[in-house]
*Asks:* 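Take this structure first; my questions come after.
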Amino acid sequence: MSYLHIRPQALDNKKRIQHITPASANWNYVGFEVVVLKAGETQSFATDKTEVCAVVVFGRVDIATHEQNFINLGERKSVFEDKAPYAVYAPPGETLSISALTDCEVALCRAPAAGKLPVRLIKPEDCELMTRGQGSNTRYVRNIMMNNVNAEKLLITEVITPSGNWSSYPPHKHDTDALPTESALEETYYHKLKPQQGFAFQRVYTDDRSIDETISVEHNSVVTVPKGYHPVGVPHGYDLYYLNVMAGPKREWVFYNDPDHEWMLKK
């Protein structure tokens, strides 16, 4: 079993099926949790010394902070609907109280922050939608908190990769602080499949092969990418969703393609 592959866990008293911290991932920036609530349940989470973006993966919720209350957030029953999500951003020193109006799932995306930005609601119309790639490299991107929405460290996006296609491809990396040619960003991939019994493959590898893992991805599993290239492929008959969370010393997403495979962009 790859140490980069985090399978969904049994629900804890916070109703979490994923709970990744910088300490557990052996890195410095990205924290990631997934909360699953039944209709009528409420859970609260302190932001502590991090900025947190609570992404409503599916279902409808109310989310309250110390001074604001965001009502009836969420329009999709599945991430595979052609809809961007709602999200709530909160700075350090806040508390997010999540109340489920229906069965729901909320992802808590974290990174260290100084508290320079206020609480804000991110609506579906704030998200940036695009199609990337061509042919069997086509995928559909929903930028939640990239260049479209400001944060101190966090960068967040969703991607749908259709049946039989590749994503994060050709292989690219962002593990070296060498701007303007490349930025250093840790990254988590939170995967879902349709139908749920499906699988996909993600490879994580470095130039020197100090990391070279090929992971059979499951529904609701996370792949952590501390460094290296990280392409994803999904077999015929299954669609793949993933939620990406990135953070590093500078909030810029500048990637470097593997030269051995970059030639295909010129076809």
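Below, each value reflects all heavy atoms present in this structure, side chains not excepted, and no hydrogens, waters or symmetry copies.
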*Asks:* Flag this pair as yes if the NZ/CZ of Lys14 is under 6.0 angstrom from the six-membered ring centre of Phe45 and inside a 45 degree cone about the axis; otherwise no.
*Replies:*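 Ring-cation test returns yes.
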
*Asks:* Do Asn244 and Glu187 meet the criterion of a side-chain donor-acceptor pair at a distance under 3.5 Å?
*Replies:*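 Asn244 vs Glu187: donor-acceptor pair found between side chains.
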
*Asks:* Please examine the side chains of Pro231 and Pro170, heavy atoms only from C-beta on, and report whether any two atoms are closer than 4.5 Å.
*Replies:*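 Sidechains of Pro231 and Pro170: no contact.
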
*Asks:* Start with the C-alpha distance between Arg7 and His5, add both sets of side-chain angles, then the distance that settles side-chain contact (heavy atoms from CB on, under 4.5 Å), and finish with yes or no.
*Replies:* CA-CA 6 Å; Arg7 290 183 169 86; His5 186 199; 3.9 Å; yes

*Asks:* Any ion pair linking Glu41 and Lys15 (charged N to carboxylate O, less than 4.0 Å)?
*Replies:*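 Between Glu41 and Lys15 there is a salt bridge, with a charged N closer than 4.0 Å to a carboxylate O.
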
*Asks:* A side-chain contact here means heavy atoms from C-beta on lying under 4.5 Å apart; do Leu101 and Val61 qualify?
*Replies:* no

*Asks:* Is a donor from one side chain sitting under 3.5 angstrom from an acceptor on the other, for Glu51 and Tyr89?
*Replies:* yes

*Asks:* Which atoms form the tightest heavy-atom contact between Thr42 and Ser99, and what is the distance?
*Replies:*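 Heavy-atom minimum between the residues: OG1-OG, 3.0 Å.
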
*Asks:* How are the rings of Phe80 and Tyr241 set to each other: parallel, tilted or perpendicular (split at 30° and 60°)?
*Replies:*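 Perpendicular.
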
*Asks:* Between Asp126 and Lys123, does any side-chain N to carboxylate O distance fall below 4.0 Å?
*Replies:*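 Salt bridge flag = no for Lys123 with Asp126.
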
*Asks:* Looking at Ile211, is its backbone amide N or carbonyl O close enough to the side chain of Thr206 to form a donor-acceptor pair, meaning the two atoms are under 3.5 Å apart?
*Replies:*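 Side chain of Thr206 to backbone of Ile211, a donor-acceptor pair under 3.5 Å: yes, one is there.
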
*Asks:* Given 3.5 Å as the limit, does a donor-acceptor pair link the side chain of Asn220 with the main chain of Pro8, or not?
*Replies:*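 No, the answer is negative, given that no donor and acceptor are paired below the 3.5 Å cut-off.
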
*Asks:* For residues Pro22 and Gly31, report the shortest heavy-atom separation together with the two atoms involved.
*Replies:* CD-CA, 4.3 Å

*Asks:* Please say whether more than 12 non-hydrogen atoms of neighbouring residues, nucleotides or ligands are located less than 6.0 Å from CG in Asp177.
*Replies:* yes

*Asks:* As an exercise, state the distance from CE of Met145 to OG1 of Thr157, rounded to the nearest 0.5 Å.
*Replies:* 12.0 Å

*Asks:* Under 4.0 Å between a Lys/Arg side-chain N and an Asp/Glu carboxylate O for Lys83 and Glu75?
*Replies:* no

*Asks:* When hydrophobic residues are tied together by side-chain contacts of less than 4.5 Å, even through go-betweens, does Ile122 share a cluster with Val56?
*Replies:* no

*Asks:* Please answer: with hydrophobic residues joined when any side-chain heavy atoms are less than 4.5 Å apart, are Val225 and Leu155 in the same cluster?
*Replies:* no

*Asks:* Any side-chain heavy atom of Thr161 within less than 4.5 Å of one from Val159?
*Replies:* yes

*Asks:* Would you call the rings of Tyr242 and Tyr189 parallel, tilted or perpendicular, where under 30° means parallel and over 60° means perpendicular?
*Replies:*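 Correct class here is tilted.
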
*Asks:* Give me the atom names and distance for the closest heavy-atom approach of Pro91 to Pro118.
*Replies:*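 Looking at all heavy atoms of both residues, the closest pair is CD-C, 4.2 Å.
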
*Asks:* Do the side-chain N and O atoms of Tyr229 and Asp207 include a donor-acceptor pair separated by under 3.5 angstrom?
*Replies:*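 Yes, a side-chain donor-acceptor pair sits under 3.5 Å.
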
*Asks:* Can you classify the ring geometry of Phe32 versus Tyr190 as parallel (below 30°), tilted (30 to 60°) or perpendicular (above 60°)?
*Replies:* tilted

*Asks:* Regarding Arg139 and Asn165, do their side chains bring together a donor and an acceptor under 3.5 Å, going by distance alone?
*Replies:*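 The answer is no; no qualifying pair exists.
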
*Asks:* Strictly below 4.0 Å, N to O, side chains only: are Lys227 and Glu186 in salt-bridge contact?
*Replies:* no

*Asks:* Do Val34 and Val106 pass the side-chain contact (heavy atoms from CB on, under 4.5 Å) test, and can you show the C-alpha distance, the side-chain angles, and the key distance before you say yes or no?
*Replies:* CA-CA 6 Å; Val34 178; Val106 179; over 6 Å; no

*Asks:* Please say yes or no: joined through hydrophobic side-chain contacts below 4.5 Å, possibly via intermediate residues, are Phe58 and Leu11 part of one cluster?
*Replies:* yes

*Asks:* Just checking Asn69: does its CG atom have more than 12 heavy atoms from other residues, nucleotides or ligands closer to it than 6.0 angstrom?
*Replies:*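 Counting other residues, nucleotides and ligands, CG of Asn69 exceeds 12 neighbours.
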
*Asks:* Will you find, in the side chains of Asp48 and Thr50, an N or O donor that is under 3.5 Å from an N or O acceptor?
*Replies:*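 Their side chains do not contain a donor-acceptor pair, so the 3.5 Å distance test is not met.
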
*Asks:* Are side-chain heavy atoms of Arg16 and Val35 found at a separation under 4.5 Å?
*Replies:* yes

*Asks:* Hey, is CD on Glu125 packed in by over 12 heavy atoms from elsewhere, all under 6.0 Å?
*Replies:*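 Result for CD/Glu125: enclosed.
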
*Asks:* Exactly one of Glu81, Glu105, Glu158 should register a salt bridge (Lys or Arg N to Asp or Glu O under 4.0 Å) with Arg76. Which one does?
*Replies:*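 Checked Glu81, Glu105, Glu158 against Arg76; only one passes salt bridge (Lys or Arg N to Asp or Glu O under 4.0 Å): Glu158.
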
*Asks:* Classify the ring geometry between Tyr238 and Phe199 as parallel (under 30°), tilted (30 to 60°) or perpendicular (over 60°).
*Replies:*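 Tilted: the ring planes of Tyr238 and Phe199 meet at 30° to 60°.
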
*Asks:* Taking all non-hydrogen atoms of both residues, which atom of Val217 and which atom of His191 are closest, and how far apart?
*Replies:* CG1-CG, 3.1 Å

*Asks:* Given side chains that start at C-beta, do those of Leu243 and Ile144 come closer than 4.5 Å, heavy atoms only?
*Replies:* yes

*Asks:* I need the Leu185 CG to Asp175 CG distance, nearest 0.5 Å.
*Replies:*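 Spacing of CG (Leu185) from CG (Asp175) equals 9.5 Å.
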
*Asks:* Do Val141 and Met146 share a hydrophobic cluster, counting only Ile, Leu, Val, Met, Phe, Trp and Tyr and linking them when any side-chain heavy atoms are less than 4.5 Å apart?
*Replies:*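 Cluster IDs for Val141 and Met146 differ.
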
*Asks:* Testing the 3.5 Å rule here: is there a donor-acceptor pair between the side chains of Tyr205 and Asp258?
*Replies:* yes

*Asks:* Check for me whether the distance between the ring centres of Trp253 and Phe255 falls short of 6.0 Å.
*Replies:* yes

*Asks:* Going from OG on Ser167 to CD on Gln202, what distance comes out if it is rounded to the nearest 0.5 angstrom?
*Replies:*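 Here the rounded value is 9.0 Å.
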
*Asks:* Any luck finding a side-chain donor-acceptor pair between Gln197 and His219 under 3.5 Å?
*Replies:* no

*Asks:* Before we go on, tell me: are the rings of His230 and His174 under 6.0 Å apart, centre to centre?
*Replies:* yes

*Asks:* Any donor and acceptor pair, going by atom type alone, linking the side chain of Ser97 with main-chain N or O of Ser44 inside 3.5 Å?
*Replies:* no

*Asks:* Can you confirm whether Ile6 sits close enough to Ile20 that some side-chain heavy atom of one is under 4.5 Å from a side-chain heavy atom of the other?
*Replies:*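 Result yes, sub-4.5 Å side-chain heavy-atom pair found.
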
*Asks:* Are Leu96 and Val55 co-members of a hydrophobic cluster defined by side-chain heavy atoms under 4.5 Å apart?
*Replies:* no

*Asks:* Taking Arg120 as the fixed residue, which of Asn150, Val88, Val149 is the one that meets the side-chain contact (heavy atoms from CB on, under 4.5 Å) rule?
*Replies:* Val149

*Asks:* To the nearest 0.5 Å, what is the distance between CD on Gln43 and CG on Leu37?
*Replies:*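 If we round to the nearest 0.5 Å, Gln43:CD and Leu37:CG are 6.0 Å apart.
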
*Asks:* With a 4.5 Å heavy-atom cut-off, do Tyr86 and Phe70 have their side chains touching?
*Replies:*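 Side-chain contact under 4.5 Å: no.
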
*Asks:* How long is the straight-line distance from CD1 of Ile156 back to SG of Cys109, given to the nearest 0.5 Å?
*Replies:*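 So the gap between those two atoms works out to 4.0 Å.
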
*Asks:* Would Gln9 and Ile17 satisfy side-chain contact (heavy atoms from CB on, under 4.5 Å), going step by step from the backbone distance to the final call?
*Replies:* CA-CA 5 Å; Gln9 308 297 308; Ile17 62 169; 5.6 Å; no

*Asks:* Indicate the atoms forming the closest heavy-atom contact of Pro162 with Val234, along with that distance.
*Replies:* O-CG1, 3.2 Å

*Asks:* Can you tell whether the side chains of Glu213 and Arg203 come within less than 4.0 Å, N to carboxylate O?
*Replies:*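 Result for this pair is no, no salt bridge flagged.
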
*Asks:* I need the minimum non-hydrogen distance between Ala111 and Ala247, along with the two atoms involved.
*Replies:*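 For Ala111 and Ala247, the tightest heavy-atom pair comes out as CB-CB, 3.8 Å.
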
*Asks:* Going from OG1 on Thr224 to CG on Leu4, what distance comes out if it is rounded to the nearest 0.5 angstrom?
*Replies:*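 The distance works out to 4.5 Å.
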
*Asks:* Quick check: do Glu33 and His19 have side-chain heavy atoms less than 4.5 Å from each other?
*Replies:*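 Sidechains of His19 and Glu33: in contact.
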
*Asks:* Okay, side chain of Arg251, backbone of Gly248: is any donor-acceptor separation there less than 3.5 Å?
*Replies:* no

*Asks:* Checking side-chain contact (heavy atoms from CB on, under 4.5 Å) for the pair Met264/Tyr169: CA distance, chi angles, key distance, verdict?
*Replies:* CA-CA 10 Å; Met264 67 188 64; Tyr169 192 78; 3.2 Å; yes

*Asks:* Is atom CG of Asp208 surrounded by more than 12 heavy atoms (other residues, nucleotides or ligands) closer than 6.0 Å?
*Replies:* yes

*Asks:* Can a donor-acceptor pair be found, under 3.5 Å and without considering hydrogens, that links the side chain of Asp103 to the backbone of Ala39?
*Replies:* yes

